Amino acid sequence: MMSTVESCAEVGEDPAFGWRHAPSLKTLFSLINRDGEEVRVVGGALRNSLLGAPVSDIDCATTADPTKVMHWAQEANIRALPTGLDHGTVTLIIDDRPFEVTTLRTDVETNGRHAAVAFGRDWMKDAHRRDFTMNAIYMDAQGRLYDPVGRGIEDARARHVHFIGAARKRIEEDYLRVLRFFRFFAQYGERMEEEGYRACIAAQAKLSGLSAERVGAEMAKLIQGPYAARALDAMHQGGMLTGILASVPHLSRFRRLQTLARALYLKGDLTLLLTALAVDVREDGERLARKLRLPNRTRDAMKRMAQTVRTLRSVDEALLQQLAYEHGKETACNLILLALVRRQIDPDLTELSMLFRDLALWSLPVFPLNGRDLIDCGMKPGPQLGERLSALEKAWVSSNFELRKGQLLTLAKAMR
Ligand code: ATP
Ligand code: MG
């Protein structure tokens with residue numbers, strides 16, 4: 001096993017690690033690397049650079065305790081937010097970029113949901129309380145990599161999701177790791193640890209004790225991962241997916257959607273993916289949103305999509321424009337994709353991308369009539385007028401936006 005005090009590789013000028021030269025990160029290093037303290041980058045940023053995925057946020061680990069970090073930041077006029085002081089996390093905002101800086105920790109007590117932690121100075125111990133080998137890699141200010149558990153770099157490169165230590169024990173400490181296992185596989189997975197998989201499946205009954213927010217956050221990331229279909233298949237084979245989603249999942253529909261979206265270079269959004277996977281009728285959307293504590297906006301969008309998709313009979317420009325007028329352009333495209341995968345139709349990809357491109361360029365028409373026009377024709381103001389106006393707008397949309405103002409007014413009179 002690699003020693004924790006020795007680095008085992010240098011990233012040098014590898015372009016995948018180009019972010020390490022950001023002035024904000026330099027500021028962070030010089031803020032904390034002093035008086036015998038040290039800060040290193042850890043986790044997602046290194047994992048992603050090693051396996052060739054983009055880096056979003058940068059998490060750091062340090063020997064300095066949180067009060068010291070807060071104090072130094074204040075001295076240097078750097079904004080420091082105590083975002084998780086009890087578990088040692090301070091967020092520093094440097095040049096508008098947030099850095100989560102967490103003091104090295106050892107879990108002293110775990111109960112499957114929360115861990116009591118002690119601050120420490122031991123990189124090895126800090127590494128061993130992390131979840132997967134690919135998440136326990138560190139980098140210092142000189143670009144030297146450290147891999148205290150000894151197989152992190154190799155596993156990251158091989159996209160191999162592997163627990164640190166004995167999977168069953170690590171899962172008992174924190175059952176969320178079951179979902180994180182599948183989530184990382186969905187995002188980066190080439191391989192998953194077999195023993196880890198078995199331990200996850202064996203622990204599934206314990207997931208009901210987790211908070212809906214935490215389950216929802218992991219599932220949202222999982223479902224948007226490039227390998228989500230494979231991760232969901234694996235979960236379903238282990239018998240755990242129906243319980244998590246509170247409905248029977250449509251896995252082949254989901255797989256078709258992922259393939260179609262990828263072929264069109266679209267990033268399927270969460271609402272679309274969830275609806276395809278598990279929402280057939282409005283009640284499914286309601287239940288799923290509750291189960292995963294999704295925002296009301298997502299819940300309503302899923303319900304609306306599930307309902308609207310049932311009415312779609314064809315895929316053509318006119319329909320797409322009408323949908324875009326009513327639901328927005330993005331949802332219109334999503335509805336078409338959903339309709340295609342639900343009916344197992346393999347569309348002509350060139351034709352479909354041209355349709356979507358034309359829609360992106362299309363400017364939404366403006367309804368040529370308003371309440372005033374109806375009053376001028378002798379209608380009384382009131383709720384009825386509003387109803388009539390929206391009936392006329394519907395007629396106008398169905399005419400493919402072709403009815404002119406005069407024609408609409410004639411229609412309005414005929415409706416009396
Ligand atoms: P992302 O790109 O999704 O942010 P990440 O690896 O940074 O990926 P986070 O959830 O931000 O994931 O967690 C940061 C790091 O903290 C992880 O890389 C891992 O080392 C550790 N970690 C997070 N959650 C757990 C957990 N439940 N058990 C053990 N270690 C964890
Ligand atoms: Mg992170």
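Starting from 1, each residue takes its place in the sequence as its number. Keep in mind the model is a prediction, meaning the values are calculated, not measured. All values below were derived from every heavy atom in this structure, side-chain atoms included, with hydrogens, water molecules and symmetry-related copies excluded. Whatever order the structure lists ligands and atoms in, that order sets their numbers, starting from 1.
- Vertex the Mg ion (ligand 2); arms to Asp57 atom OD2 and Asp59 atom OD2; angle 90° (nearest 10°).
- Screening Phe181, Phe185, Tyr197, Phe184 against Phe163 for a ring-ring contact (aromatic ring centres under 6.0 Å, His included) leaves a single residue, Phe181.
- With hydrogens and angles left out, the side-chain atoms of Glu37 and Thr63 include a donor and acceptor closer than 3.5 Å.
- In the model, Asn334 has no side-chain atom that pairs as donor or acceptor with a side-chain atom of His327 under 3.5 Å.
- Within the cation-pi definition used here (under 6.0 Å to the ring centroid, within 45° of the axis), Arg40 qualifies as a partner of Tyr146.
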Tabulation required: pairs of a nitrogen or oxygen in ligand 1 and a protein nitrogen or oxygen under 3.5 Å; columns are atom names and distance to 0.1 Å; otherwise 'none'.
from	atom 1	to	atom 2	distance (Å)
ligand 1	2 (O)	Arg47	NH2	3.3
ligand 1	3 (O)	Arg183	NH1	2.8
ligand 1	6 (O)	Arg47	NH1	2.7
ligand 1	7 (O)	Asp59	OD2	3.1
ligand 1	8 (O)	Arg47	NH2	3.3
ligand 1	10 (O)	Arg180	NH1	3.1
ligand 1	16 (O)	Arg130	NH1	3.4
ligand 1	20 (O)	Arg130	NH1	3.0
ligand 1	20 (O)	Asn135	O	3.1
ligand 1	24 (N)	Arg180	NE	3.4
ligand 1	24 (N)	Arg180	NH2	3.2
ligand 1	27 (N)	Asp174	OD2	2.8
ligand 1	28 (N)	Arg177	NE	2.8
ligand 1	28 (N)	Arg177	NH2	3.2
ligand 1	30 (N)	Asp131	N	3.2

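- Shown are Ile244, Thr242, Asp233; of these, the side-chain contact (heavy atoms from CB on, under 4.5 Å) with Pro249 is made only by Thr242.
- For the pair Arg20 (side chain) and Gly12 (backbone), a donor-acceptor distance under 3.5 Å is present.
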